[in-house]
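Beneath this line is the structure, given in structure tokens, with notes to follow.
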Amino acid sequence: MAAAPTPGRRFWLVKSEPDAFSWDQQVERGVEPWTGVRNHMAKANLAAMRIGDLAFFYHSNIGKQIVGVVEVVREAYPDPTVGPDDPKGAKGSPWLCVDVQAVGPMPKPVTLAAIKADPALAEIALVRQSRLSVMPISAEHWARLCAMGEWPA
DNA sequence: GCCAACGTTGGC
DNA sequence: GCCAACGTTGGC
């Protein structure tokens with residue numbers, strides 16, 4: 001069961017529309033570059049990720065639930081999907097991506113409805129900033145969400 | 001399909 | 001630098 005979190009390890013949540021990139025695809029590929037983030041706050045969060053950090057994999061729009069856990073295996077580097085004619089990529093610093101590896105599926109996916117129904121989770125960014133696609137999760141919230149999902153580690 | 005939230009763009 | 005218009009995201 002859950003030992004104390006590794007010191008220094010931080011926790012995140014990343015969103016993907018399963019139509020575009022799903023948990024099943026993440027599992028098939030193992031390691032996958034997390035690309036396409038075009039929001040400065042989300043970019044700052046990518047830049048803060050360290051190898052060994054863990055993130056919930058959340059399906060937005062379809063499912064609206066946490067379906068798995070991934071681990072950061074490569075820290076932030078320039079997003080190769082930014083084209084030279086990308087209006088957002090052309091100016092200023094490049095957009096970033098990280099590589100993540102599937103760790104395992106959430107035994108019991110944690111739905112947005114369940115998260116919203118839990119007063120202890122009322123402050124998480126998933127609820128408060130619904131449009132942010134990469135966000136930090138506190139150790140306390142991580143533990144609670146893991147418990148809700150019956151995550152074995 | 002609608003709408004709220006919110007980031008971006010462009011006129012001034 | 002302000003702010004209205006517009007586009008996008010994502011929940012409902």
Side-chain angles (χ1 to χ4, degrees), chain A residues 10-50 53-151:
Chain A
R10 282 191 280 181
F11 304 101
W12 310 91
L13 181 146
V14 294
K15 280 185 195 174
S16 184
E17 295 188 33
D19 277 352
F21 185 71
S22 70
W23 170 253
D24 285 346
Q25 287 172 285
Q26 176 71 49
V27 170
E28 279 173 24
R29 302 197 198 184
V31 175
E32 178 73 9
W34 199 266
T35 57
V37 172
R38 298 292 184 271
N39 170 281
H40 290 290
M41 214 172 310
K43 173 191 162 181
N45 290 330
L46 287 177
M49 289 184 180
R50 295 295 172 259
D53 284 359
L54 298 177
F56 289 125
F57 192 115
Y58 175 83
H59 275 170
S60 61
N61 278 313
I62 301 170
K64 286 169 285 183
Q65 55 191 357
I66 295 168
V67 291
V69 172
V70 294
E71 179 175 351
V72 176
V73 296
R74 181 178 173 187
E75 294 175 9
Y77 60 98
D79 184 340
T81 68
V82 178
D85 53 350
D86 186 331
K88 291 190 169 186
K91 65 171 179 229
S93 58
W95 295 102
L96 300 173
C97 64
V98 299
D99 287 359
V100 297
Q101 180 167 31
V103 177
M106 201 46 75
K108 188 179 160 193
V110 180
T111 65
L112 180 63
I115 292 168
K116 285 189 165 178
D118 186 343
L121 297 172
E123 298 302 312
I124 74 169
L126 185 66
V127 175
R128 306 206 68 180
Q129 290 171 264
S130 62
R131 291 182 57 192
L132 187 59
S133 63
V134 181
M135 67 193 74
I137 299 286
S138 73
E140 291 75 19
H141 289 159
W142 179 270
R144 188 168 188 92
L145 291 161
C146 283
M148 291 168 74
E150 296 174 9
W151 177 252

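Because the structure is predicted, anything quoted here is derived from the model rather than measured. Numbers restart at 1 for each chain; the letters A, B, ... are given by sequence-line order, proteins then strands.
- Ring pair A:Trp34/A:Phe57 is perpendicular by interplanar angle, where above 60° counts as perpendicular and below 30° as parallel.
- For A:Lys116 and C:dC12, the shortest distance from a side-chain N or O to OP1 or OP2 is below 4.0 Å.
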Please list, for nucleotides 6-9 of chain C, all pairs of protein and nucleotide N/O atoms separated by less than 3.5 Å.
unit_1, atom_1, unit_2, atom_2, d
C:dT8, O2, A:Arg131, NH2, 3.0

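- Atom-to-atom distance recorded for A:Glu150:CD and A:Lys108:NZ is 5.0 Å, nearest 0.5 angstrom.
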Would you check, one step at a time, whether the test side chain to side chain contact (heavy atoms under 4.5 Å, CB included) holds for A:Glu75 with A:Arg50?
CA-CA 6 Å; A:Glu75 294 175 9; A:Arg50 295 295 172 259; 3.3 Å; yes
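- At whole-Å resolution of the value, CZ in A:Arg38 and P in C:dG10 are 14 Å apart.
- Using a 4.0 Å cut-off between charged side-chain N and carboxylate O, A:Asp79 and A:Arg38 make a salt bridge.
- One atom, CD1 of A:Ile115, and another, P of C:dC12, lie 11 Å apart when rounded to the nearest Å.
- The CG atom of A:Leu13 sits 7.5 Å away from atom CD1 of A:Ile115, with the distance rounded to the nearest 0.5 Å.
- A:Asp24 pairs by the salt bridge (Lys or Arg N to Asp or Glu O under 4.0 Å) definition with nothing, not counting sequence neighbours.
- Atom pair A:Leu126:CG and C:dG11:P shows a separation of 7 Å (rounding to whole Å applied).
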